[in-house]
Amino acid sequence: MSEAEFDDEALEKGRLLFAAPVEFVMGVTTLSALPPADFPEVTFAGRSNVGKSSLINGLTNRKNLARSSNEPGRTRELNYFRLNDQLFLVDLPGYGYARASKTDIARWTRLTLNYLKGRPTLKRVFLLVDSRRGVMDTDEEIMDLLDAAAVVYQVVLTKVDKLKKAEREGLSEKIVKRLSKRPAFHPVVRETSSETGYGLAELRAEIANFC
Ligand code: GTP
Ligand code: MG
């Protein structure tokens, strides 16, 4: 079994974890308001509109746990969800949202970056990348920061339902190859669709390992 795969037991552990109660804890707008670091946590980061909130909804089988929207820049706080009193899931504001005011962008960026650098219980950052666009410069800027802070990140491709089979061929492998020299890059790329549920069982299994 390669590192990228899970056996039935691991998949079942993931399924059970995400079938457990999950609740919204709080939206955080300043670092001093972060909840106590009582649980391990995983965070969903990525460009605005990439599908972070939808992925949290998909993983937890809830339609509207995290607010997803057509309107980019919807998530403006660090939104904390507690899963089964075992784990925090964190939905971050997206970066690269052009229409926000400069002051807002500066505020969210500072908050998000300081959070990513300084949270002791942060086990992994899932860096979401739109499968149609691939890794962009702004994604690499976040990777630079995470490399410097030694926070492990893993690329999750979103919206693979929008790709043709031929377009998907070799996509993950190419990304792994391109990023493999980065020190904090976890070299397994996950392909997902919150629309169809593709790849979510594996991602649940991956996350269950942190409990
Ligand atoms: P911000 O909070 O603005 O940073 O956005 P976000 O990354 O949370 O994105 P969100 O989950 O709100 O989704 C943005 C748009 O993409 C919505 O219209 C979703 O319906 C759509 N979307 C998300 N995931 C998928 C997917 O897997 N497939 C398809 N086809 N659309 C998706
Ligand atoms: Mg969002």
Side-chain angles (χ1 to χ4, degrees), residues 18 22-29 41-83 88-116 124-143 145-146 153-168 171-172 175 189-204 206-207:
F18 279 86
V22 54
E23 54 187 326
F24 176 67
V25 181
M26 59 166 90
V28 173
T29 52
E41 70 192 48
V42 297
T43 289
F44 299 84
R47 291 173 59 83
S48 186
N49 218 42
V50 71
K52 298 174 292 296
S53 300
S54 303
L55 186 62
I56 290 180
N57 290 336
L59 287 169
T60 55
N61 297 300
R62 313 293 150 115
K63 277 213 177 71
N64 276 314
L65 181 69
R67 283 177 71 187
S68 66
S69 168
N70 275 321
E71 173 200 339
R74 160 55 66 198
T75 308
R76 296 177 185 199
E77 308 170 325
L78 273 59
N79 284 318
Y80 266 80
F81 303 91
R82 188 174 50 232
L83 183 55
F88 283 135
L89 306 171
V90 188
D91 186 12
L92 290 191
Y95 44 84
Y97 172 48
R99 270 170 44 214
S101 79
K102 281 211 172 91
T103 338
D104 276 350
I105 293 177
R107 189 159 48 82
W108 304 337
T109 309
R110 197 171 53 238
L111 172 68
T112 309
L113 298 189
N114 286 332
Y115 158 77
L116 290 173
R124 185 161 299 175
V125 174
F126 292 102
L127 193 64
L128 276 55
V129 168
D130 190 321
S131 56
R132 297 166 299 179
R133 296 170 183 240
V135 175
M136 301 182 71
D137 289 348
T138 40
D139 300 317
E140 296 231 36
E141 285 167 22
I142 301 290
M143 292 179 198
L145 175 116
L146 294 170
Y153 52 92
Q154 177 167 10
V155 171
V156 173
L157 293 173
T158 61
K159 311 189 188 185
V160 297
D161 58 284
K162 298 262 199 189
L163 292 186
K164 299 197 182 75
K165 196 158 172 266
E167 294 172 317
R168 256 161 87 170
L171 194 56
S172 296
I175 292 175
V189 169
R190 297 244 161 258
E191 300 179 7
T192 65
S193 166
S194 303
E195 196 80 13
T196 66
Y198 183 85
L200 299 190
E202 289 76 10
L203 194 52
R204 291 186 192 107
E206 187 114 52
I207 294 171

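Please read all numbers here as calculations on a predicted model, not as lab measurements. For ligands, and for the atoms within them, numbers begin at 1 and follow the listed sequence.
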Report task. Check the pair Phe44 / Leu127 against side chain to side chain contact (heavy atoms under 4.5 Å, CB included), numbers first and verdict last. Result -> CA-CA 6 Å; Phe44 299 84; Leu127 193 64; over 6 Å; no
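- Contact atoms of ligand 1 toward Gly94: 4 (O) (distance under 4.0 Å to a heavy atom of the residue).
- Close approach to Ser54 involves these atoms of ligand 1, each under 4.0 Å from a residue heavy atom: 10 (P), 11 (O), 13 (O), 19 (C), 23 (C), 24 (N).
- For Val50, heavy-atom contacts with ligand 1 shorter than 4.0 Å involve the backbone as well as the side chain.
- Contact atoms of ligand 1 toward Asp161: 26 (C), 27 (O), 28 (N), 29 (C), 30 (N) (distance under 4.0 Å to a heavy atom of the residue).
- Shown in contact with Lys52 at under 4.0 Å from a heavy atom are these atoms of ligand 1, numbered in order with element: 1 (P), 4 (O), 5 (O), 6 (P), 7 (O), 8 (O), 9 (O), 11 (O).
- If you take OH on Tyr153 and CZ on Arg124, they are separated by 12.0 Å, rounding to the nearest 0.5 Å.
- No N or O atom of Asp91 sits closer than 3.5 Å to an N or O atom of ligand 1.
- Counted by atom type alone, Asp91 and Tyr80 present zero donor-acceptor pairs between their side chains at under 3.5 Å.
- In terms of N/O distances under 3.5 Å, ligand 1 is approached by Lys159.
- Counting heavy-atom neighbours within 6.0 Å of Arg133 CZ, excluding the residue itself, gives a total of 12 or less.
- Close N/O approach between Thr158 and ligand 1 is not found [any backbone or side-chain N/O within under 3.5 Å].
- Between Glu202 and Arg190 there is no salt bridge, since no side-chain nitrogen of the basic residue lies less than 4.0 Å from a carboxylate oxygen of the acidic one.
- The distance from the Mg ion (ligand 2) to the nearest N/O/S atom of Ser53 is under 2.8 Å.
- For ligand 1, none of its N or O atoms has an N or O atom of Thr192 under 3.5 Å away.
- In this structure, Ser193 has a heavy atom closer than 4.0 Å to ligand 1.
- A salt bridge is absent between Glu167 and Lys162: the closest approach of a Lys/Arg side-chain nitrogen to an acidic carboxylate oxygen does not fall below 4.0 angstrom.
- Taken to the nearest 0.5 Å, the OG atom of Ser194 stands 8.0 Å off from the CG atom of Asn57.
- The shortest N or O to N or O distance between Gly51 and ligand 1 is under 3.5 Å.
- Atom OG1 of Thr112 is separated from atom CZ of Arg110 by 10.5 Å, given to the nearest 0.5 angstrom.
- Below 3.5 Å of separation, one finds no N or O of Leu55 facing any N or O of ligand 1.
- Minimum interatomic distance between Leu171 and Ser131 (heavy atoms only, all atoms of both residues): CD2-O, 3.8 Å.
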